[in-house]
Asker: 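One structure, as structure tokens, below. Some questions next.
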Amino acid sequence: LWAKPTAEAAFRSAFSQKVAGPFVPQISLNVNSGDAFSSQSGSLNLWIRDTSANTMNVRATGQIDGGLHCWVVRSNRSGGAIWRDGVAQALATNNALTGGVYFDSTAVTCIGNLYNSDFSTRFSYPLFLVAGFTSALPDGECIRISRNPLTLFQPARTWLPVSAGGVTIY
């Protein structure tokens with residue numbers, strides 16, 4: 001998440017996914033959010049629910065100051081991590097997910113609001129980039145992306161071995 005949110009006493013959803021129906025897999029990345037969908041000024045929270053209605057929160061406080069920042073949030077069943085501007089953040093909540101499936105490819109994705117919601121959770125701040133990956137990134141990649149999210153758009157580099165014979169490859 002690359003954005004410039006302001007601290008306030010109302011949670012706003014930058015990204016969310018949900019399958020239709022009750023007690024279904026759902027994911028939501030919220031600012032100014034405590035655990036679940038409560039409001040907590042200055043916090044960033046990734047909330048996940050699985051098919052068994054178990055929930056997980058990966059939350060860091062003191063994150064929102066009105067400045068432009070890039071956060072990378074990583075999670076798996078045993079917990080998660082948050083990086084802001086290349087620095088790992090201390091987590092206020094980091095619990096495990098013990099139930100069923102927590103991702104479904106039929107989920108509806110919403111950027112800038114909570115799925116199936118009115119404007120009360122609309123992400124009303126400058127939002128520059130939201131990216132998702134199908135697997136967890138290693139720490140080094142999380143640090144690199146949170147330092148400079150534009151590196152996601154750099155062309156791939158291919159290193160070619162060169163013999164000691166003095167050949168130069170351009």
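Sequential numbering from 1 along the given sequence is applied to the chain's residues.
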Asker: Got a sec, which residues hit side-chain hydrogen bond (donor to acceptor under 3.5 Å, both in side chains) with Asn94, two or more places apart in sequence or on another chain?
Answerer: none
Asker: Minimum heavy-atom separation for Ala90 and Ala60, please, with both atom names.
Answerer: O-CB, 3.5 Å
Asker: List the atom of Phe123, the atom of Pro126, and the distance in Å for their closest heavy-atom pair.
Answerer: CE2-O, 4.1 Å
Asker: Residues in salt bridge (Lys or Arg N to Asp or Glu O under 4.0 Å) with Asp139, at least two apart?
Answerer: Arg74
Asker: Who pairs with Glu141 by side-chain hydrogen bond (donor to acceptor under 3.5 Å, both in side chains), at least two apart in sequence or on another chain?
Answerer: Arg144
Asker: What's the shortest heavy-atom distance between Arg12 and Arg122, and which atoms?
Answerer: CD-O, 3.0 Å
Asker: I need the Ser39 OG to Asn45 CG distance, nearest 0.5 Å.
Answerer: 11.5 Å
Asker: Less than 4.5 Å apart, side chain to side chain, heavy atoms only: is that true for Val130 and Leu29?
Answerer: no
Asker: Do the side chains of Phe153 and Val72 join up, straight or via other hydrophobic residues, at under 4.5 Å, putting them in one cluster?
Answerer: yes
Asker: Examine the side chains of Ser13 and Asn113 and answer whether a donor and an acceptor come within less than 3.5 Å of each other.
Answerer: no
Asker: Looking at OH of Tyr125 and NZ of Lys4, how far apart are the two atoms once the value is rounded to the nearest 0.5 Å?
Answerer: 13.5 Å
Asker: Between Trp2 and Leu68, is any pair of side-chain heavy atoms under 4.5 Å apart?
Answerer: yes
Asker: Please answer whether the main-chain N or O of Thr6 pairs with a side-chain N or O of Asn32 as donor and acceptor at a distance below 3.5 Å.
Answerer: yes
Asker: Is there side-chain contact between Phe11 and Val31, with heavy atoms separated by less than 4.5 Å?
Answerer: no
Asker: What is the distance from atom CD of Gln40 to atom OG1 of Thr61, rounded to the nearest 0.5 Å?
Answerer: 6.5 Å
Asker: Can you tell me how far CH2 of Trp71 sits from CD1 of Ile82, rounded to the nearest 0.5 angstrom?
Answerer: 10.0 Å
Asker: If we count only N and O atoms by modelled type, under 3.5 Å, do the side chains of Thr109 and Gln17 hold a donor and an acceptor together?
Answerer: yes
Asker: Return each pair, listed once, that meets salt bridge (charged side-chain N to carboxylate O under 4.0 Å, His left out) where at least one residue sits in residues 21-30; pairs must be two or more places apart or across chains.
Answerer: none
Asker: Applying the 4.5 Å side-chain criterion to the ILVMFWY set and letting contacts propagate, would Ile143 and Leu91 be lumped into a single cluster?
Answerer: no
Asker: Taking the side chain as everything from C-beta on, heavy atoms only, tell me whether Thr55 gets closer than 4.5 Å to Trp47.
Answerer: yes
Asker: Heavy-atom distance under 4.5 Å between the side chains of Met56 and Ser75, does that happen here?
Answerer: yes
Asker: Could you work out, with side-chain hydrogen bond (donor to acceptor under 3.5 Å, both in side chains) as the rule, every residue matching Ser33, not counting sequence neighbours?
Answerer: none
Asker: Do the non-hydrogen side-chain atoms of Leu152 and Leu129 ever get within less than 4.5 Å of each other?
Answerer: yes
Asker: Roughly how far, to the nearest 0.5 Å, is the CG atom of Leu1 from the CG atom of Leu44?
Answerer: 6.5 Å
Asker: Once rounded to the nearest 0.5 Å, what's the spacing between atom CD of Glu8 and atom CD1 of Ile64?
Answerer: 10.0 Å
Asker: Please, which pairs that meet side chain to side chain donor-acceptor pair (under 3.5 Å) have at least one residue in residues 79-93, sequence neighbours excluded?
Answerer: Asp35-Thr93, Arg59-Thr93, Gln63-Gln89, His69-Asp85
Asker: Step by step, work out the side-chain contact (heavy atoms from CB on, under 4.5 Å) result for Phe128 and Leu150.
Answerer: CA-CA 10 Å; Phe128 300 100; Leu150 296 178; over 6 Å; no
Asker: Could you tell me whether a side-chain N or O of Ser16 sits under 3.5 Å from a main-chain N or O of Ser28, the two making a donor and an acceptor?
Answerer: no
